[in-house]
Amino acid sequence: MLSEQEQIRRDSLQKIIDYGINPYPAAEFKFSHYSIDILENFKEGEKVIIAGRLMRRKIQGKASFGSILDSKGKIQVYFNRDVICPSEDKSMYNDFFKKWLDLGDILGIEGKVFKTMVGEISINVDKFHLLSKSLKPLPQPKTDNQGIIHDGFNDPELRYRRRYVDLVVNENVKETFIKRTKIINSMRNFLSKKDFLEVETPILQTIPGGAAAKPFITHHNALDVPLYLRIANELYLKRLIVGGFDGVYEFAKDFRNEGMDRTHNPEFTQMEIYVAYKDYQWMMNFTEDMLEFICNEVLGTTQVKIGNEKVNFKKPFRRISMTDSILEHTGIDISNMSEKELRKACKSIGVEVSDSMGKGKLIDEIFGEKCEGSYIQPTFITDYPVEMSPLCKKHRDNPELTERFELMVNGKELANAYSELNDPIDQKERFEEQVKLAEKGDDEAMFIDLDFIRALEYGMPPTSGMGIGIDRLVMFLCNQPSIQEVLLFPQMKPEKWETGPNKSEFLEINIPPQWIIPIYESGYTTKELLLEAKPTAVHQKLNGYRKKNKLDIPAVLLEEVLSWFK
RNA sequence: GAUUCGUUAGCUCAGCUGGUAGAGCACAUCCCUUUUAAGGAUGGGGUCCUGGGUUCGAACCCCAGACGAAUCACCA
């Protein structure tokens with residue numbers, strides 16, 4: 001059912017067509033300027049052609065003001081009847097402009113630049129062209145002179161579902177996504193300048209490896225095998241290091257079939273990089289360099305406001321081992337504890353544990369509960385327990401630990417890196433440990449990838465690898481509190497659509513076609529619902545609907561309604 | 001999955017102790033040649049999320065459900 005305003009717009013559309021104007025012309029529209037060019041470089045009397053959406057219109061007799069929104073901003077346009085219609089025929093102004101155009105229509109404007117009496121740079125319109133008619137009214141947020149937004153389009157659900165409306169109506173939203181692209185470009189520049197090779201690896205994988213997470217499963221018909229959407233690309237990038245590339249990276253969409261909240265979306269972007277002959281110490285320096293570079297290039301500063309915190313991405317970042325961090329925050333020294341002792345320690349400080357947790361998971365629980373949140377400034381947490389990191393090389397000084405770091409920012413994990421495990425025998429044993437964990441009930445334990453082991457058997461140089469969450473980085477640098485704000489189209493529950501009446505079932509009981517919509521709109525959405533109702537009530541409702549909607553069909557007779565019920 | 005809050009016009013929101021559904025913007029008609037969130041006048045527009053219940057009477061109270069948001073849990 002169309003709203004009154006939608007119906008009015010459709011009527012205007014018909015009048016425009018009847019007037020002889022195509023509301024959806026095909027031809028290229030050549031424009032000479034963006035709004036911002038005109039505003040920043042004012043030349044009185046300059047002839048300009050612009051294109052954009054009509055966002056404001058104020059008719060004042062023979063003169064009118066409007067605003068045109070293009071991809072770079074807004075500019076005011078001034079319509080004068082006798083300029084637009086120099087001859088006797090004033091219909092272009094009186095009818096077409098004043099009556100048949102609506103806010104949201106996309107126009108091409110030809111005119112001359114001038115300043116109004118109040119001093120606003122505007123375009124005095126000579127000619128305007130309808131480039132596309134808008135049939136649905138946009139929300140109309142307005143900003144007053146104190147910067148307060150009235151009638152904002154704020155409902156997060158509507159904003160995400162109708163991102164196109166959000167982008168039109170809420171200026172800062174566009175900025176976030178422009179910045180997102182700048183951040184990615186800046187990272188790519190940094191990496192390619194260092195001669196690393198950007199590559200693409202499979203998204204459909206037969207074994208979802210490289211991380212611990214539940215995958216999405218799909219099926220390949222021709223091969224008749226299950227395929228998984230990747231949860232990570234790590235194992236493929238390492239195969240390329242085996243193949244002899246010294247440095248490879250990929251901006252990768254990964255998919256994890258897990259919960260959604262303001263920091264998790266089922267599909268998300270990671271940048272992973274692997275560099276031969278390096279270790280995790282080198283990678284820490286590299287990561288600092290990269291983040292400092294990006295901040296300076298995109299923001300012009302390393303000082304970033306995140307919520308109420310001020311975070312500084314200037315290197316060097318603090319480095320602390322996980323053991324020291326736990327000692328610092330809980331006073332407990334876990335360095336020589338057995339699994340049993342760890343369990344006890346967890347209980348003593350109120351960290352909940354379950355039987356399926358191994359030693360590594362216990363330590364991680366403590367860290368997650370007691371330490372993680374306190375690292376606001378960029379901090380490298382290093383040397384994770386070996387059980388948690390099945391793809392990571394054992395620490396050179398302590399076989400219980402691994403050469404791994406995570407970069408914490410604002411209490412969240414931003415990046416994760418290893419000195420990569422390149423010993424195929426050790427790797428096989430670690431995978432087997434994972435299988436045992438899976439049997440114990442850990443549904444996120446890793447799958448064994450025998451081809452990856454085989455690749456390592458051919459020999460992989462010592463390598464360091466790092467993955468960084470692009471969505472989180474963008475959240476930080478744009479000071480956005482949720483991942484939905486930095487994804488153009490965040491995952492949403494499917495929308496329910498009104499499907500309309502099933503016409504054939506109504507036709508079956510001899511209902512005339514012109515009455516089907518009124519019956520449906522009156523609440524009798526199925527044949528069953530209709531036949532459950534009282535014929536007299538149906539009769540009255542339908543004629544009421546006819547009157548209200550001024551239908552151009554004869555009123556239905558009670559006998560006719562009764563005949564449907566036979 | 002748990003808790004809390006919410007769902008009223010196209011948009012943003014009021015709606016008192018249960019008593020005839022409201023405002024601003026948007027829209028329509030008319031007037032107006034320079035307005036800066038809203039020029040003037042007039043007008044149209046509602047499944048008060050859905051379904052039950054209580055009541056003479058429900059947007060409002062009760063029960064159930066749908067949808068959404070926040071927080072928590074889950075997610076190295």
Side-chain angles (χ1 to χ4, degrees), chain A residues 1-9 11-12 56-67 74 76-83 93 98-99 102-104 114-120 122 124 135-161 165 169 211-214 231-232 256-266 268 322 352 354 357-358 360-365 367-368 372 381 384-385 387-392 402 404 406 413 416 437 442-446 467 481-482 484 492-493 495-496 521-523 548:
Chain A
M1 183 70 178
L2 293 176
S3 72
E4 186 194 21
Q5 291 189 41
E6 287 173 302
Q7 192 52 55
I8 288 165
R9 285 177 182 231
D11 295 345
S12 303
R56 180 176 69 97
R57 187 171 55 156
K58 185 157 164 181
I59 296 169
Q60 295 202 254
K62 288 180 226 163
S64 297
F65 286 89
S67 306
K74 256 184 211 177
Q76 177 164 274
V77 287
Y78 171 74
F79 292 82
N80 183 299
R81 187 188 69 186
D82 298 324
V83 174
Y93 182 80
K98 272 168 65 172
K99 293 187 183 157
D102 290 289
L103 296 183
F114 78 113
K115 255 186 201 166
T116 62
M117 285 167 72
V118 234
E120 179 161 347
S122 308
N124 193 342
L135 295 179
K136 250 179 141 45
L138 287 163
Q140 294 284 326
K142 292 189 180 66
T143 311
D144 67 18
N145 41 22
Q146 281 141 42
I148 299 164
I149 294 171
H150 303 259
D151 300 344
F153 181 60
N154 293 324
D155 179 356
E157 192 198 354
L158 282 178
R159 287 184 47 231
Y160 303 151
R161 283 196 196 281
V165 173
V169 144
K214 284 170 224 155
I231 55 175
R256 295 186 183 174
N257 203 343
E258 293 169 345
M260 294 161 57
D261 60 30
R262 68 183 199 294
T263 54
H264 297 85
N265 194 66
F268 62 102
M322 181 168 262
E352 281 184 41
S354 77
M357 288 178 176
K361 195 117 189 173
L362 290 169
I363 295 174
D364 185 51
E365 269 317 289
F367 181 77
E372 187 172 283
I381 307 296
Y384 283 59
E387 293 86 347
M388 295 170 57
S389 318
L391 302 168
C392 183
T402 53
R404 170 180 184 178
E406 284 195 358
E413 172 193 345
N416 180 21
L437 282 180
D442 185 344
D443 56 358
E444 283 171 355
M446 288 186 190
S482 80
Q484 286 85 357
M492 303 289 279
K493 265 198 189 178
E495 198 168 348
K496 278 190 190 139
E521 297 281 350
S522 302
K548 191 175 161 195

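By convention in this document, chain letters (A, B, ...) are assigned in the order of the sequence lines, proteins followed by strands, and residues within each chain are numbered from 1. Below, each value reflects all heavy atoms present in this structure, side chains not excepted, and no hydrogens, waters or symmetry copies.
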Using the P atoms only, state how far B:G68 lies from B:C56, rounded to an integer number of Å.
38 Å

Pairing partner (Watson-Crick or G-U wobble, both distances under 3.5 angstrom) of B:U7:
B:A66

Between atom CD1 of A:Ile381 and atom CE of A:Met322, what is the distance when rounded to the nearest 0.5 Å?
7.0 Å

Which whole-number value in Å describes the distance from A:Arg159 CZ to B:G68 P?
16 Å

Under a 4.0 Å heavy-atom criterion, the protein footprint on nucleotides 29-44 of chain B, written with B, S and -, is ---BBBBBB-S----B

Run the numbers on A:Asn124 and A:Ser122 for side-chain hydrogen bond (donor to acceptor under 3.5 Å, both in side chains), then give the verdict.
CA-CA 7 Å; A:Asn124 193 342; A:Ser122 308; over 6 Å; no

Residues which pass side chain to side chain donor-acceptor pair (under 3.5 Å) with A:Glu406, listed by chain and number, not counting sequence neighbours
A:Tyr384, A:Arg404

With rounding to the closest Å, how many angstrom separate the C1' atoms on B:G22 and B:U35?
29 Å

Going through the distances and angles, do A:Phe153 and A:Val165 end up as a side-chain contact (heavy atoms from CB on, under 4.5 Å)?
CA-CA 9 Å; A:Phe153 181 60; A:Val165 173; 3.7 Å; yes

Using whole Å, what does the distance between atom C1' of nucleotide B:G45 and atom CD1 of A:Ile8 come to?
9 Å

Which value, in whole Å, describes the distance between the C1' atoms of nucleotides B:U12 and B:G40?
24 Å

For nucleotides 71-76 of chain B, give me one character per nucleotide, 5' to 3': B if any protein heavy atom sits under 4.0 Å from the base, S if the only such contacts are to the sugar-phosphate, - if neither.
S--BBB

Taking for A:Pro139 and for A:Arg9 the nucleotide of RNA chain B with the nearest heavy atom, the one nearer the 5' end belongs to A:Pro139

Can you list the residues that meet the salt bridge (Lys or Arg N to Asp or Glu O under 4.0 Å) rule with A:Lys214, with sequence neighbours excluded?
A:Asp443

Identify, with sequence neighbours excluded, every residue that meets salt bridge (Lys or Arg N to Asp or Glu O under 4.0 Å) alongside A:Arg262.
none

As an exercise, state the distance from CG of A:Asn80 to NZ of A:Lys62, rounded to the nearest 0.5 Å.
9.0 Å

Distance-only donor-acceptor test (3.5 Å): side chain A:Asp155, base B:G68:
no

Nearest-angstrom distance from the residue atom CD of A:Glu157 to P of B:C5
20 Å

Going by purine N1 to pyrimidine N3 plus the second Watson-Crick contact, or the G-U wobble pair, all under 3.5 Å, which nucleotide sits opposite B:C27?
B:G43

Please report the distance separating the C1' of B:A58 from the corresponding atom of B:C16, rounded so that it comes out in whole Å.
15 Å

Let me know the distance between CG of A:Asn154 and C1' of B:A70, rounded to the nearest Å.
15 Å

B:C74 and B:C63, which share atom name P, separated by this distance in whole Å:
31 Å

Separation of A:Phe79 CZ from A:Ile59 CD1 (nearest 0.5 Å)
10.0 Å

Spacing of the C1' atoms in B:G24 and B:G39 (rounded, Å):
16 Å

I'd like to know if A:Glu387 and A:Lys361 make a salt bridge, using a cut-off of under 4.0 Å between side-chain N and carboxylate O.
no

Got a second to check how far A:Leu135's CG is from A:Gln7's CD, nearest 0.5 Å?
10.0 Å

B:C27 and B:A9, which share atom name C1', separated by this distance in whole Å:
11 Å

How many whole angstroms separate atom CG of A:Leu138 from atom P of B:C27?
11 Å

Using the P atom as the point on both nucleotides, what is the distance between B:C49 and B:C30, in whole Å?
36 Å

For B:U20, what is the paired nucleotide under Watson-Crick or G-U wobble rules, both distances under 3.5 Å?
none

Tell me, please, which residues at least two apart from A:Glu157 pass salt bridge (Lys or Arg N to Asp or Glu O under 4.0 Å).
A:Arg161

Out of B:G24, B:G10, B:G68, which has the shortest distance to the side chain of A:Ser3?
B:G10

With a 3.5 Å limit on both atom pairs, tell me what B:G1 is paired to, counting Watson-Crick and G-U wobble, or say none.
B:C72

Rounded off to whole Å, could you give me the CG-to-P distance for the A:Asp151 and B:C11 pair?
11 Å

Suppose we define a pair by two distances each less than 3.5 Å, Watson-Crick or G-U wobble; what does B:A14 pair with here?
none

